[in-house]
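In this chain, residues are counted from 1 in sequence order.
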Amino acid sequence: FDMLFIPQVLPHKGWKHEDASVAMFQYMLEENSDVREAIKEAGLSEDDVMFIEEQIAGPKDTEQGDWPYKGRPREMSYLYEIVANRRNGIDVDKWDYLARDSHFLGIPMSFDHKRIMTFARVLEVDGKKTICARDKEVHELYEMFSTRNSLHRKAYKHKTTRIVERMITEAFVEANDHIRIQGTGGRLLKMSEAIDDMLAYTKLTDHFVIQQIRTSQDPQLAQESVIKIMVEESEGKLTAKDFVVDVVKFDYGMKERNPVDCVWFYSKDNPTKPIKVHQNQVSHMLPMVFKEEQLRVYSTGTGREACSLAQSYFIRLCNMKKLAYESQGDEGFAHGSSYLTPVRQPLAETRINDTTKKRKLSEINEM
């Protein structure tokens, strides 16, 4: 919704789901006087409310010098590293979704967040209080970022996931002009307009949208015309509209940077002195590159001929751009085979075919 649908229908909006979370929190306080009273009875002030909002979406004014936050003073800077740590990405929000998604996907989580918490301590670094990790826990941190990368590859950015997301986005775009949601003052709003009206936004659930599509009498909103896979027999001819180009980025959370380089540590011998632990001090088996991009091309054409033609176009593109790719099919352009293409070419060869693999395997067996 926020990563594909909204940018497509409102390209200049710049809206993020964190904005909706803050707006929802404000709406909850406005519409529920008992919650506001409970906050006052608990001794919480407007600064505390601002602190909660800053934990969700960061500071509202990023141009206020060295300390842009208003909810807490500079002396309590470490509090902004607990929920959403913008310094190095080590925070409870990440631990929560890594633990939840690893559990439900059946993917083992190889790091122990409890150890990281147990050995964490607050030290002053460059005039700011900062959460520091014990030096011996550096391996746990690398495991944490590796787990994040693994979930992105196996689940969040898996090719099937991305294809389904594109299909759902197409359905939302087609349905946007035909679904209306009642908002503040009885106004009827599109799905894309609901992000600015929290009364309407609270009604915008999966169940609501699906029911609107299934039960609507609007001929433009018929289920078969909205929820569909955009496929047609191409009869050997494919045009630009038959392809979806998807550049998928994988990293450890900080693009090209190693996030552990942004972590301060302390040692058992000197627990009050913040130190850095460099990668070459940890292991020579850690990754040297922390960002990778893959170019994926999805074709809406069906049938053996259309798939073979799409794959030939894809290979031609890779050769023109000098991109490495690997065939995962049993035979050259077999129907149903897939191709994996990093944007940045890591290998001198542009293709690793089955014949080469078998020859190399034979050479190894003869040694």
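For the pair Arg72 and Tyr80, the cation does not sit on the ring face, since its NZ or CZ is not both under 6.0 Å from the ring centre and inside 45° of the axis.
Sequence neighbours left out, the pairs with a member in residues 3-13 that pass salt bridge (charged side-chain N to carboxylate O under 4.0 Å, His left out) are Lys13-Asp196. Within the structure, ring-ring contact (aromatic ring centres under 6.0 Å, His included) pairs that include any residue of residues 255-308 comprise Tyr252-Phe290 (at least two apart or interchain). Applying the ring-ring contact (aromatic ring centres under 6.0 Å, His included) definition to pairs two or more places apart or across chains, those involving residues 133-153 are His152-Tyr156. Counting only residues at least two apart or in different chains, salt bridge (charged side-chain N to carboxylate O under 4.0 Å, His left out) contacts with residues 106-120 comprise Arg115-Glu137. Under the ring-ring contact (aromatic ring centres under 6.0 Å, His included) criterion, the residue pairs touching residues 113-136 are Trp95-His113, with sequence neighbours excluded.
Checked against side-chain hydrogen bond (donor to acceptor under 3.5 Å, both in side chains), Thr169 has no partners two or more places apart in sequence or in another chain. Evaluation of the side-chain hydrogen bond (donor to acceptor under 3.5 Å, both in side chains) rule for Ser192 yields Asn176 as partners, not counting sequence neighbours. Partners of Asp101 according to the salt bridge (Lys or Arg N to Asp or Glu O under 4.0 Å) rule, which considers only residues two or more places apart in sequence or in another chain, do not exist here. Arg187 meets the side-chain hydrogen bond (donor to acceptor under 3.5 Å, both in side chains) test with Asp197; sequence neighbours excluded. Residues satisfying the salt bridge (Lys or Arg N to Asp or Glu O under 4.0 Å) test with Lys203, not counting sequence neighbours, are none. With sequence neighbours excluded, the residues satisfying side chain to side chain contact (heavy atoms under 4.5 Å, CB included) with Pro73 are Glu75, Met76.
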Exercise answer: donor-acceptor pairs, residues 22-35 side-chain atoms, under 3.5 Å, sequence neighbours excluded:
unit_1, atom_1, unit_2, atom_2, d
Gln26, NE2, Glu53, OE2, 3.3
Asn32, ND2, Met28, O, 2.8

